[in-house]
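A short worksheet on the structure shown next.
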Amino acid sequence: QEQLVESGGGVVQPGRSLRLSCAGSGITLSHHGMHWVRQAPGKGLEWVAGLSHNGRDTWYAGSVKGRFTISRDSSKNTLYLQMNSLTTDDTAVYYCAKETESFDIWGQGTMVTVSS
Amino acid sequence: QAGLTQPPSVSRGLGQIATLTCTGDSNSVGYQGATWLQQYQGQPPKLLSYRSNNRPSGISERLSASRSGNTASLTITGLQPEDEADYYCSAWDSSLSGWVFGGGTKLTVL
């Protein structure tokens, strides 16, 4: 069964950093494009970042460009999102999603709260 | 970052037909079509349709998607109580080199 499991969320102060992880089970992440999508409390979905299947291309939303970095460790079958210079606007549930034809498999999400 | 436009809410009766719309432009919906996702409260989204009219296995045949120009539509026939959820559209935006989402439509089945 294909499954994605996020971890690494928590409460962090503004200006600090946090790294999220997304472990694949039954899925070889390096065979697929992978994305991070977030959802602020009571709000809609917002695409954050994407990584091509071959790992050569990355894309970022304008709101996180220069602060967030998406990466993958194929040996650990894990996707990462390094988040720096966090602000209160980054408070959200962060989901990782696999892209075959589109966002076809989603994790359960991990909550990030940026608060002083 | 430009997004897609969805009506905030749609209400229809049990057994009726609901059509949800998603409007973008020639760089997004008009470029490669739209993806439709369903989300229940407290749950991750679920893929319903991709590239406007392709339905993954296991998705009800009561759901169909289409596109006309820069507007994508999701039609749900024979509405059931379990169809009550939030529905999001998404598309790759070639001008932004990124994915954009609509604000979501809350479907209420009366």
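Numbers restart at 1 for each chain; the letters A, B, ... are given by sequence-line order, proteins then strands.
- Under the 4.5 Å side-chain heavy-atom criterion for grouping Ile, Leu, Val, Met, Phe, Trp and Tyr, B:Y87 is not connected to B:Y50 through any hydrophobic cluster.
- Note on A:V114 and A:L81: same hydrophobic cluster, where clusters join Ile, Leu, Val, Met, Phe, Trp and Tyr whose side-chain heavy atoms are under 4.5 Å apart, directly or indirectly.
- In the hydrophobic clustering of this structure, A:F68 groups with A:L29; members are Ile, Leu, Val, Met, Phe, Trp, Tyr whose side-chain heavy atoms approach within less than 4.5 Å, directly or through other members.
- With a 4.5 Å cut-off on side-chain heavy atoms, B:W99 and A:V37 do not count as touching.
- Heavy atoms closer than 4.5 Å to chain B are found in both the backbone and the side chain of A:F103.
- By the 30° and 60° cut-offs, the orientation of the rings of A:W59 relative to B:W92 is perpendicular.
- Summarising the local packing, CZ of B:R62 is surrounded by more than 12 heavy atoms from other residues, nucleotides or ligands at distances under 6.0 Å.
- Hydrophobic clustering of Ile, Leu, Val, Met, Phe, Trp and Tyr side chains at less than 4.5 Å, counting indirect connections, unites A:W36 with A:M83.
- When heavy atoms are compared at a cutoff of 4.5 Å, A:V93 does not approach chain B at all.
- Of the two parts of A:E99, only the side chain, counted from C-beta on, holds a non-hydrogen atom closer than 4.5 Å to a non-hydrogen atom of chain B.
- Using a 4.5 Å cut-off between heavy atoms, B:P56 makes no contact with chain A at all.
- The two residues A:Q39 and B:Y88 come nearest to each other via the heavy atoms NE2-OH, 3.4 Å.
- Nearest heavy-atom pair across B:P44 and A:W106 is CB-CB, 4.1 Å.
- Residues A:V64 and A:Y80 fall into different hydrophobic clusters, defined by Ile, Leu, Val, Met, Phe, Trp and Tyr side chains chained together at heavy-atom separations under 4.5 Å.
- Note on A:G44, A:G50, A:A97: by heavy-atom pairs under 4.5 Å with chain B, the leading option is A:G44.
- In this structure, NZ on B:K46 lies 10.5 Å from CD1 on A:I105, to the nearest 0.5 angstrom.
- The part of B:Q39 that comes within reach of chain A is its side chain, from C-beta onward, which places non-hydrogen atoms under 4.5 angstrom from that chain.
- Within a 6.0 Å sphere centred on CD of B:E61, other residues, nucleotides and ligands contribute 12 heavy atoms or fewer.
- Contacts of B:L37 with chain A are made by side-chain atoms alone, with heavy-atom separations under 4.5 Å and no backbone atom involved.
- Contact of B:S90 with chain A is made through the side chain alone, with heavy-atom distances under 4.5 Å.
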